[in-house]
Amino acid sequence: MEDKVIITAALAGSATFKNNNPSTPYTPKEYAEEAEKAFKAGASMVHIHGRDEKMGGYHTSDVEMVKATYDAIRQRCPDLIIQVTSSVGFPCQVGPFPESDCVNLINNLIKLNMESRIRSIKAIKPESASLNTNTMNFSVLDRKTGQILIDNVFVNSFGMLQDFGKLMEEIGCRPEAELYDVGGLDNWIIIAKQNIFRKPYNFNFVWGVNGGQKFRPEVFVAFVNALPPDSNFTTCAVGTEQVPAIMQSCMMGGHMRVGLEDNTRMPDGELAKGSYEQVELAVKIAAMLGREPATPAEARKILGIIKK
């Protein structure tokens, strides 16, 4: 099935809001409608984050809210693969603590955040989930001036990579390792020596995050060459880097992720009508390169997913 390309629609991340694009879904109903449009356009998988409409669309790791979104999509599009994020938990406010306990405090905060990140996946047992691979800056900057707007460190320890990966495989949820730089792949490779992950291995190259790496075609080639045998790869990129990145992935035999989580606009600068419009573009790119969108059944076969 080398001519088949899996197109994933990332419908809304934790940092995309309706003021960025009015089509950004918050509610289960909105998610289901956007998922159906993406599916009809050619997507075989959607990637989702929990959102709390009452809190202005902010990310939530509340199991019931995430499950409501998951179930709404599943009911509307029963064949579609639904991938749930494990990237974001909830902020924890505790203390004050004596200065001597700062290390313990930080470790406890990280532990609480990790638990909140994985709990929806434990409860829902989706067919696929994201698995982040390295600790990194993950911030919001003004790309024209370099001014720091939100300063943040995205913590992904070896223990998290091990424990999340092991749990996912045990419950029949295929992990997709998110690679923001080559170091993330090296982290995955050393943890994989424990034989946690089963083949085929699934990776996503992520470009353009402030704290990750800018899309560079030559680095993309290095990524592909560094993958272990029996690996699948897809790619996504923030903003204007999206189209060049997915084109290169498709040319090199990989897959493509688009959607409002990564880019709220089309290549002409106009706001996308929804993630589905970017899926339509990905389908056209695939056709120009002699490839066809994979159906959900074909995508499951490629990714080693057993339908639930």
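In this chain, numbering begins with 1 at the start of the sequence shown.
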Find the distance between CD1 (I82) and OH (Y70) and round it off to the nearest 0.5 Å. 5.0 Å
State, yes or no, whether a side-chain contact exists between R117 and N156 at a heavy-atom distance under 4.5 Å. yes
Within a strict 4.5 Å, meaning less than it, do heavy atoms of the E33 and P25 side chains meet? no
For residues H47 and T85, determine if any side-chain heavy atom of one lies less than 4.5 Å from a side-chain heavy atom of the other. yes
Taking the side chain as every heavy atom from C-beta outward, state whether I6 and T234 have any atom pair closer than 4.5 Å. no
With side chains defined as the heavy atoms from C-beta onward, is the minimum distance between I285 and R291 less than 4.5 Å? no
Quickly, which of R51, K37, K18 forms a salt bridge (Lys or Arg N to Asp or Glu O under 4.0 Å) with E30? Name it, please. K18
Check whether any side-chain heavy atom of E280 lies under 4.5 Å from a side-chain heavy atom of V283, and answer yes or no. no
Given side chains that start at C-beta, do those of I121 and P126 come closer than 4.5 Å, heavy atoms only? yes
Mark yes or no for whether N152, through its side chain, and F138, through its backbone, hold a donor-acceptor pair below 3.5 Å. yes
Do L185 and M168 sit in one hydrophobic cluster, given that two such residues count as connected whenever their side-chain heavy atoms are within less than 4.5 Å of each other, even indirectly? yes
Is it true that F39 and Y276 have ring centroids separated by less than 6.0 Å? no
Would a hydrophobic clustering, with Ile, Leu, Val, Met, Phe, Trp and Tyr connected at side-chain separations under 4.5 Å, put L289 with I7? yes
State, to 0.1 Å, how close L11 and I48 come at their nearest heavy-atom pair, and which atoms those are. CD1-CG2, 4.4 Å
For the residue pair W207 and F223, does the interplanar ring angle fall in the parallel (under 30°), tilted (30 to 60°) or perpendicular (over 60°) class? perpendicular
State plainly whether one hydrophobic cluster holds both I118 and F158, where clusters connect Ile, Leu, Val, Met, Phe, Trp and Tyr through side-chain heavy atoms under 4.5 angstrom apart. yes
side-chain contact (heavy atoms from CB on, under 4.5 Å) involving S23 - partner list, sequence neighbours excluded: N21, L260
Nearest 0.5 Å, please: how far is OG in S275 from CD in E261? 9.0 Å
Please say which of D181, L179, V219, V182 ends up in a side chain to side chain contact (heavy atoms under 4.5 Å, CB included) with F205. L179
Please examine the side chains of S139 and I150, heavy atoms only from C-beta on, and report whether any two atoms are closer than 4.5 Å. no
Which of parallel (below 30°), tilted (30 to 60°) and perpendicular (above 60°) describes F197 and W188? parallel
With R174 as partner, the option from R198, E127, Q83 fulfilling side chain to side chain contact (heavy atoms under 4.5 Å, CB included) is R198
Over all heavy atoms of both residues, which pair between Y58 and M55 is shortest? Give the atoms and the distance, please. CD1-O, 2.8 Å
